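Here the structure comes first, spelled out in structure tokens, and everything after it is commentary.
Naming: A, B, ... by sequence-line order, numbering from 1 per chain. Keep in mind the model is a prediction, meaning the values are calculated, not measured.
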There are 2 protein chains.
Amino acid sequence: MTQEQTDPRHLDFWSFVDHAITRTARELPDVDRRAMRLVLTLHRAANMLVYDLESTVHRPRGLSWPGFRVLFVIWLTGQVEAKKVAELSGMSRAAVSALVGTLERDGLVVKERAPHDGRAVHLGLTERGRETITDAFSAHNVREQEWAGALSEDEQTTLIALLEKMTTRSTRFDARRRT
Amino acid sequence: MTQEQTDPRHLDFWSFVDHAITRTARELPDVDRRAMRLVLTLHRAANMLVYDLESTVHRPRGLSWPGFRVLFVIWLTGQVEAKKVAELSGMSRAAVSALVGTLERDGLVVKERAPHDGRAVHLGLTERGRETITDAFSAHNVREQEWAGALSEDEQTTLIALLEKMTTRSTRFDARRRT
DNA sequence: CCCGACTAATCAAAGCTTTGATTAGTTCTG
DNA sequence: CAGAACTAATCAAAGCTTTGATTAGTCGGG
């Protein structure tokens, strides 16, 4: 019932995925190892990337990662409804609402009632918001290039295509999305 | 200075990446579009995957995504120090400490002082913890297979290889990692 | 033996996220 | 035109995350 335990002391961040797959397959023989490795690897890659970008680029500029994302969306769309920002950034409306609170307090975003709909709020950047996002995005892209540079251009193109294929096909089995 | 704004109302979650790249390249001509697309696509894929797994598999079983990850690591390693769990799961020690608090309260994890080091805490699963993680992981893997099934086996293998290459090479430019 | 350096865990404060309820404003329908 | 149905935003409560400080225990050198 209880699995035999090997000594975990030799494990580290890098060897953990292999260990996890081997051991899980022993416990649960029906497991699809390839799918398991795919999800573990994808999750880990995204986490590392975000942690690195946030700590080297955004926090030093006083932005959080979600704050950067919201600012980025508003920068690219101009005046937008908060609802749209939530949809485009993949966040919940409540999260955007809270986030805009701090961005407004920090003088990066302005909020005003929409002219033809008393419920909606239109968001826009302040001058300082614009300066912040262009500076942050430039540094962000430099760092992105370091990450992408681990792969050849063809490899990058392939990776993008595979990720896009996986996400667009996820609608076929009704993957849950934020509404 | 201020960019001309197109009407953002026609934009949606799927078209946003293309729009973002086109518009950013217009504003900041030096941007590397491929690197930009890579990071946007990777981040989005990982988010969709986690959101789907968490809402269809884990929340219905009373687990959060981070809670699942911690339980998973303890399941695979047996008795471990909290520090090791943090290292293997890629979380901070403080996060693990807080998370273990709720997992212990929910009767899934037990905490005991390490025999030969009065500072360390050893973590283990309760019987209920073991039942919970095996049930959750089985459902988790079924769902993973749906995601992976969007790609052929060769494509899955390629995707895994590219992600691994990118993450292992990230050490070459000193990507920040949690310590 | 004891002091200083180190290390494990936890705490504290601030911020972000989630779901579900609430408030306010709009639109459809009879 | 009034009420019902709907929609945008916000609030509330609970949980997770981060960094930096604190507490407690270990260990090596003088």
> Between dT10(D), dT17(D), dT17(C), which nucleotide has the shortest distance from any of its atoms to the side chain of Met91(A)?
Replying inline: dT17(C)
>> Filter on ring-ring contact (aromatic ring centres under 6.0 Å, His included), then keep only pairs touching residues 157-179 of chain A, sequence neighbours left out; what's left?
In response: Phe173(A)-Trp147(B)
> Counting side-chain heavy atoms from C-beta on, which of dT17(D), dT19(C), dG20(D) comes nearest to Ala95(B)?
Replying inline: dT17(D)
> Hey, is the side chain of Arg105(B) poking within less than 4.0 Å of OP1 or OP2 on dG15(D), counting only N and O atoms?
Replying inline: yes
> Between Asp12(B) and Ser15(B), does any side-chain donor sit less than 3.5 Å from a side-chain acceptor?
Replying inline: yes
> Donor-acceptor pair, Gln79(B) side chain versus His122(B) backbone, under 3.5 Å?
Replying inline: no
>> Judged by each residue's nearest nucleotide on DNA chain D, which is more toward the 5′ side, Arg93(A) or Tyr51(A)?
In response: Arg93(A)
> Using a cut-off of 4.0 Å on non-hydrogen atoms, how would the nucleic acid contact of Ala94(A) be classed: base, sugar-phosphate, or nothing?
Replying inline: base
> Taking all non-hydrogen atoms of both residues, which atom of Ala175(B) and which atom of Arg143(A) are closest, and how far apart?
Replying inline: CA-NH2, 3.5 Å
> Any side-chain N or O of Thr102(B) less than 4.0 Å from the OP1 or OP2 oxygen of dC16(D)?
Replying inline: yes
> Is any side-chain N of the basic residue among Arg37(A) and Asp18(A) closer than 4.0 Å to the acidic one's carboxylate O?
Replying inline: yes
>> At less than 4.0 Å, is any side-chain N or O atom of Lys83(A) found next to OP1 or OP2 of dT10(D)? Yes or no.
In response: no
> Asn47(A) has an atom CG; how far is it from atom P of dC16(D), in whole Å?
Replying inline: 16 Å
> If you look only at pairs with a residue in residues 100-109 of chain A, which of them pass as a salt bridge (charged side-chain N to carboxylate O under 4.0 Å, His left out), with sequence neighbours excluded?
Replying inline: Glu104(A)-Lys111(A)
> Nearest-Å distance, NZ (Lys111(B)) to C1' (dA8(C))?
Replying inline: 12 Å
> What pairs with Phe137(A) under ring-ring contact (aromatic ring centres under 6.0 Å, His included), at least two apart in sequence or on another chain?
Replying inline: Phe72(A), His140(A)
>> Below 4.0 angstrom, which residues in residues 57-73 of chain A have at least one non-hydrogen atom near DNA chain D?
In response: none
Identify each atom pair where a protein N or O and an N or O of nucleotides 21-24 of chain D are less than 3.5 Å apart, giving names and distance.
none

> Start at the 5' end of DNA chain C and walk down; is the nucleotide closest to Leu99(A) or to Asp117(A) reached first?
Replying inline: Leu99(A)
> Just how far, in rounded Å, is C1' of dA9(D) from CD of Glu81(A)?
Replying inline: 11 Å
> If you measure from the Lys or Arg side-chain nitrogens to the Asp or Glu carboxylate oxygens, is any gap between Glu87(B) and Lys84(B) under 4.0 Å?
Replying inline: yes
>> Under 4.0 Å from OP1 or OP2 of dT7(C): is there any side-chain N or O of Lys84(B) that close?
In response: no
> To the nearest Å, how far apart are His116(A) NE2 and dA8(D) C1'?
Replying inline: 17 Å
Which donor-acceptor pairs under 3.5 Å do the side chains of residues 93-103 of chain A make with protein atoms, sequence neighbours left out?
unit_1: Thr102(A); atom_1: OG1; unit_2: Leu99(A); atom_2: O; d: 3.0

> Tell me: CZ of Arg113(B) to C1' of dA8(C), nearest whole Å?
Replying inline: 9 Å
